[in-house]
Amino acid sequence: RRARGSVAIGAPRAMKRSFSSSSRSSRQGLSLMEVIIALAILGLALAAIGELIRVGARNAEVSRKRTTAQLLCENKLAEIKAGWLGQSSTLPTGQMMRPQPIGPVEFEPRETDQPWMYTVNVEPGETEGLLVVEVMVEEVTEAYRPLRYSLVMWMIDPELEWLQTQAVEAAEEGAGG
């Protein structure tokens, strides 16, 4: 067996020369133009990947802020419903007062690590005895467009609920006595 590219012993000299010169003229490496094109493609690909990373990081930050705003809104709505926030509280008679509009008010430092403000709007609902309570949370920043998020909850008017409870209790006492 002969090795690749080998010439048989006793072959004419011209054949040896032509074979060896043809193997030398085969491609030894890349041309300068091919290297420049490859580097240009690599540069464009790296620039595109860098832009994707930047956009992804920005969107992750916006998502984190939206999640924070949603949690803050839900917490304030729960406080209103429980009667802990603002003037929505329980009187000595046991009657809960109707929640009142509040704000804008800054959150306390223990509630959030970023500066946020909230506003509470309370309006009567279309149905008698229902209140439409809206909590809007806004990021405190000097950005062009600060993040705003709001949640709306319909709740039974606590004053009406208390009056109904008193009427039921009075009817039970009248029927029992």
Ala69 to Tyr149 - nearest heavy-atom pair and separation: CB-CB, 3.6 Å

Close side-chain approach of Val62 to Lys65, heavy-atom, < 4.5 Å: no

Sequence neighbours excluded - side-chain hydrogen bond (donor to acceptor under 3.5 Å, both in side chains) pairs with any residue from residues 41-53: Glu51-Arg54

Val120 vs Val122, side-chain contact (heavy atoms from CB on, under 4.5 Å): CA-CA, chis, key distance, verdict: CA-CA 7 Å; Val120 176; Val122 181; 4.1 Å; yes

Gap between atom CG of Leu77 and atom NZ of Lys81 - 0.5 Å precision: 9.5 Å

Heavy-atom pair with the smallest gap, counting every atom of Gln70 and Leu151: O-CD1, 4.1 Å

Spatial distance of atom CE (Met153) from atom CD (Glu74) [nearest 0.5 Å]: 11.5 Å

Show me the donor-acceptor pairs within less than 3.5 Å that the side chains of residues 126-138 make with the rest of the protein, sequence neighbours left out.
from   : atom 1 : to     : atom 2 : distance (Å)
Glu138 : OE1    : Arg148 : NE     : 3.3
Glu138 : OE2    : Arg148 : NE     : 3.4
Glu138 : OE2    : Arg148 : NH2    : 3.3

Val105 reachable from Phe107 in the ILVMFWY side-chain graph, under 4.5 Å edges: yes

Considering all heavy atoms, the nearest Pro146-Glu139 contact: CB-O, 3.5 Å

Straight-line distance of Leu30 CG to Ile37 CD1, nearest 0.5 Å: 11.0 Å

Tyr118 side chain near Leu72 side chain, heavy-atom distance below 4.5 Å: no

Nearest-0.5 Å distance that lies between atom CG in Leu39 and atom CD in Glu34: 12.0 Å

Lys76 and Glu111 ion-paired at < 4.0 Å: yes

Electrostatic pair Arg58:Glu61 at N-O distance under 4.0 angstrom: no

Atom of Cys73, atom of Ser150 and distance for their closest heavy-atom approach: SG-CA, 4.1 Å

Common cluster, Met33/Leu42, ILVMFWY with side-chain heavy-atom separation under 4.5 Å: no

Closest heavy-atom pair and its distance - Leu147, Arg66: CD2-N, 3.6 Å

